[in-house]
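The figures here come from the full heavy-atom set of this structure, side chains too, leaving out hydrogens, waters and symmetry mates. So that the names make sense, note that chain A is the first sequence line, chain B the second, and so on, each numbered from 1.
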Protein chains: 2
Amino acid sequence: MQSMADFKPTNSEIAILRVLWQRGPSTVRDVHSALSHERDMGYTTVLKLMQIMAEKGLVVRDDRERAHVYAAAQAQAKAQDSLVSDLANKVFGGSAMKLAMHALNQQPCSPEELKEIRRMLDELEAKK
Amino acid sequence: MQSMADFKPTNSEIAILRVLWQRGPSTVRDVHSALSHERDMGYTTVLKLMQIMAEKGLVVRDDRERAHVYAAAQAQAKAQDSLVSDLANKVFGGSAMKLAMHALNQQPCSPEELKEIRRMLDELEAKK
DNA sequence: TAGAATCTACGAATCTTTTCGTAATTTGGC
DNA sequence: GCCAAATTACGAAAAGATTCGTAGATTCTA
């Protein structure tokens, strides 16, 4: 079991990971196109960032083709958990529950969403 | 009503805010002492950070005494909300509920905590 | 096959964050 | 009053994150 204490993507890196999670393995051009809708970044800027991410192990690179194909090294859910737990530690004294309560309180939920959460709580309780 | 879209403390700044929220208005020495248990930071490093935070408006400074007294400019709950919403936007497509579900799933909750959450959900539903 | 387009590599500039040393000032103890 | 201790101000170095230009290689197209 790896600790993953070193999974700390920067904001730009998160933006890139988001694209990779959504699109699956992608080239620099793919990512650049996807990001260009929201961000104003040069092509080589994205390239450089992705090269650095490969060095850091945030992404894996397949360079069999001329246009290298990058994929997120971590599953989205796992990465999300790391980031949630990081925030819990930084600003909620380590309590993920407090974090959850703030999240639920600050954004209106639809009745379906509320139901979904209750269902999840039931499961949690059952698993106990 | 201020938008607060610019409330983006860095990690060190969050560590300092945490102390100010916990202790209330504090001097640089207070904060440095509190942080020294977990971090290895020089006194003037903390001082400089807090001066910068005052410039940015993250803290307010009372300089009537020789040892200036700093206080967090935002209530803890408000700041927590900003950071939660920021994370939701960055990695959960803006959905605070998804964030909450990840938080609840990844850390075991006590029965009391589960009850507390259900109570909160009831309130949310009632308020609708 | 020549030229245009596309790609990677990489150095370097810039900007932000974090760090701390030094100087100057004030306070407190003796 | 004097000296040691504590404080602020501030410059600047170090480290980290972001940006992009240019060079060189490969591929595509006419």
- Task: Take the protein atom CE of B:Met41 and the nucleotide atom P of D:dA15, then report the distance between them rounded to whole Å.
- Result: 16 Å
- Task: Measure the distance from CD1 on B:Ile16 to C1' on C:dT17 and round it to the nearest whole Å.
- Result: 12 Å
- C:dT16 C1' sits how many Å from A:Asn11 CG, rounded? 12 Å
- Sequence-distant partners of A:Arg118, salt bridge (Lys or Arg N to Asp or Glu O under 4.0 Å), two or more places apart: B:Asp122, B:Glu125
- Please determine, by modelled atom types, if B:His102 and A:Asp81 share a side-chain donor-acceptor pair under 3.5 angstrom. yes
- Which pairs, with at least one residue in residues 48-59 of chain A and sequence neighbours excluded, count as a salt bridge (Lys or Arg N to Asp or Glu O under 4.0 Å)? A:Glu13-A:Lys56
- Item | Rounded interatomic separation in angstrom, taking NE2 from B:His32 and P from C:dT18 | 16 Å
- Message: Quick one: does any side-chain atom of B:Thr44 pair with a main-chain N or O of B:Leu47 as donor and acceptor, under 3.5 Å?
- Response: no
- Item | Phosphate contact (C:dT18 OP1 or OP2) by B:Thr45 side-chain N/O below 4.0 Å | no
- Measure from CE on A:Met50 to P on C:dC7 and round the result to the nearest Å. 12 Å
- Flag the pair A:Phe7 / A:Lys78 as yes when at least one side-chain heavy-atom distance between them is below 4.5 Å, and no otherwise. no
- Under-4.0 Å side-chain N/O to phosphate OP1/OP2 contact, A:Ser12 with D:dT18: yes
- Specify the separation, in whole Å, of atom CZ of A:Arg39 and atom P of D:dC20. 12 Å
Distances under 3.5 Å between protein N/O atoms and the N/O atoms of nucleotides 8-12 of chain C, please, pair by pair.
residue: C:dT8; atom: OP1; partner: A:His68; partner atom: N; Å: 3.0
residue: C:dT8; atom: OP2; partner: A:Tyr43; partner atom: OH; Å: 2.9
residue: C:dA9; atom: OP2; partner: A:Gln51; partner atom: NE2; Å: 2.9
residue: C:dA9; atom: OP2; partner: A:Arg61; partner atom: NH1; Å: 3.0

- Message: I want to check one thing: is the phosphate of C:dT17, taken as OP1 and OP2, less than 4.0 Å away from some side-chain N or O of B:Lys56?
- Response: yes
- Distance-only side-chain donor-acceptor flag, B:Asp30 / B:Thr27, under 3.5 Å: yes
- Whole-Å distance separating the CD atom of A:Glu13 from the P atom of D:dG16: 13 Å
- Send over the distance from B:Leu49 CG to D:dC10 C1', rounded to a whole Å. 14 Å
- Message: Check this for me: A:Glu65, atom CD, are more than 12 non-hydrogen atoms of other residues, nucleotides or ligands nearer than 6.0 Å?
- Response: no
